[in-house]
There are 2 protein chains.
Amino acid sequence: MAGEDPVREQLEALGEFIRSQRKQAQLSLRDLAERANVSNPYLSQIERGLHEPSVRVLKAIAGGLNLSVETLLGRAGLLGSPTDPDEGPTATEHAILADPYLGDDQRASLLAVYRSYVDRVRQPRPAEDEPAP
Amino acid sequence: MAGEDPVREQLEALGEFIRSQRKQAQLSLRDLAERANVSNPYLSQIERGLHEPSVRVLKAIAGGLNLSVETLLGRAGLLGSPTDPDEGPTATEHAILADPYLGDDQRASLLAVYRSYVDRVRQPRPAEDEPAP
DNA sequence: CCTCTTCGCTAAGTAAACCTAGCGATCGCT
DNA sequence: AGCGATCGCTAGGTTTACTTAGCGAAGAGG
């Protein structure tokens, strides 16, 4: 009975993603917090998955990281509609294929790199339970 | 200009949209509330723009209306980052950033490869650096 | 050694999201 | 006329998001 807590895992994944993006941009916790107009302790708690941030905060964090809101929301498990079962594992592949800024050689090698990363090492996603519509 | 309150207008627009969708589906307040696992008074307040619903509630309401969350957020004007009006190569970047099958270092290096291809000039502020894997 | 700064985190409080209980109005039915 | 069911909303309390104040560790100089 005392089973898993998928929402907590989702929160932790979101937090780790934010933290990795922040470090990649070489920002301190206080720095990003100031950019996003949130307090640094709260941002710390978000990054450790202790709280579920609101849409407003999520948007502000995305702005502070120069990311789109869709990216963060998707990472937060928000995207993915009940009537649109586009669960294709290759949304990235489609984006690469449709990207008009890539030359054909570049497109091919980028696709090759991506496939070498994900090809057979399909990381097990946290259990996503769908109540059948 | 100082008199406007854009956040409240957004909330009201979102609420009116939810209400119109609910009536179009011929659902009562209590009905949709039960589908979305929220209380009916709270749903009433959301529809009148008195509260900003959390991500969890937003997702549940979208599910109860058989809508995608993007539709709800887009209608509310919550999508579209203020710092990222770019429509071009960001689509691929977003896909890479949101890809759940990539590890963080894989994500970073794939992103670096892509950016080197499109020779993207990033904003002057954040230092963008890729630690070599 | 000591001081100054910056890092991330904890503790305790305030503000807001969210729920349960219940009210007045409107409908159909006998 | 009533009674009962259902509509949306208000009033109050509980839970959670979010803030301000401050602690201890780690590095840079004196």
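Side chains are part of it too, since the values below use all heavy atoms of this structure and drop only hydrogens, waters and symmetry mates.
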For this session: Test Thr92(B) against Tyr101(A) for side-chain hydrogen bond (donor to acceptor under 3.5 Å, both in side chains), laying out the working first.
Result: CA-CA 10 Å; Thr92(B) 298; Tyr101(A) 294 85; over 6 Å; no
Exercise. Base, sugar-phosphate alone, or nothing: which one does Asn37(A) contact when heavy atoms must sit under 4.0 Å apart?
Worked result: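 Sugar-phosphate contact only - Asn37(A) comes under 4.0 Å of backbone atoms but never of a base.
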Exercise. How is Arg30(A) classified with respect to the nucleic acid when contacts are heavy atoms under 4.0 Å: base, sugar-phosphate, or nothing?
Worked result: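 Contact class for Arg30(A): base.
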Problem set entry | Shortest non-hydrogen separation from Arg107(A) to Leu102(A) and the atoms involved |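 Closest heavy-atom pair between Arg107(A) and Leu102(A): NH2-O, 3.1 Å.
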Problem set entry | Pairwise 5' ranking along DNA chain D for Val57(A) and Ser28(B), keeping only the more 5' one |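 Per heavy-atom nearest nucleotide, the more 5' residue is Ser28(B).
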Problem set entry | Interatomic distance, Ile96(B) atom CD1 to Tyr114(B) atom OH [nearest 0.5 angstrom] |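 Separation between the atoms: 7.0 Å.
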Between [atom2] on [N] and [atom1] on [X], what's the gap in Å once rounded to a whole number?
X	N	atom1	atom2	answer
Arg56(B)	dA16(C)	CZ	C1'	14 Å
Glu34(B)	dC18(C)	CD	P	18 Å
Leu29(A)	dG8(C)	CG	P	5 Å

Problem set entry | Nucleotides bounding contact with chain A, strand DNA chain D, heavy-atom threshold 4.0 Å |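 It runs dA17(D) to dG22(D).
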Exercise. Does Ser54(A) make a side-chain N or O approach to OP1 or OP2 of dA16(C) shorter than 4.0 Å?
Worked result: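 No, Ser54(A) has no side-chain N/O under 4.0 Å of OP1/OP2 on dA16(C).
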Please set out all donor-acceptor pairs under 3.5 angstrom arising from side-chain atoms of residues 50-57 of chain A, sequence neighbours excluded.
residue	atom	partner	partner atom	Å
Glu52(A)	OE2	Arg56(B)	N	3.3
Ser54(A)	OG	Val57(A)	N	3.4

Exercise. Are Leu14(A) and Leu58(A) side-chain neighbours, meaning at least one heavy-atom pair lies under 4.5 Å?
Worked result: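 Touching, per the 4.5 Å side-chain cut-off.
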Exercise. Sub-3.5 Å donor-acceptor pair from the side chain of Ser109(B) to the main-chain atoms of Asp105(B), do we have one?
Worked result: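 Indeed, once roles are kept as given, a pair shorter than 3.5 Å links the two residues.
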Exercise. More than 12 non-hydrogen atoms from neighbouring residues, nucleotides or ligands closer than 6.0 Å to CZ on Arg35(B), yes or no?
Worked result: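 No, not enclosed.
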Problem set entry | Nucleic acid contacts of residues 38-46 of chain B, taken as heavy-atom distances under 4.0 Å to DNA chain C |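 Of all residues in residues 38-46 of chain B, the ones placing a heavy atom under 4.0 Å from DNA chain C are Val38(B), Ser39(B), Pro41(B), Tyr42(B).
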For this session: Before accepting this row, confirm whether a basic side-chain N of the pair Glu47(A)/Arg22(A) lies closer than 4.0 Å to the acidic partner's carboxylate O.
Result: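 Salt bridge present between Glu47(A) and Arg22(A).
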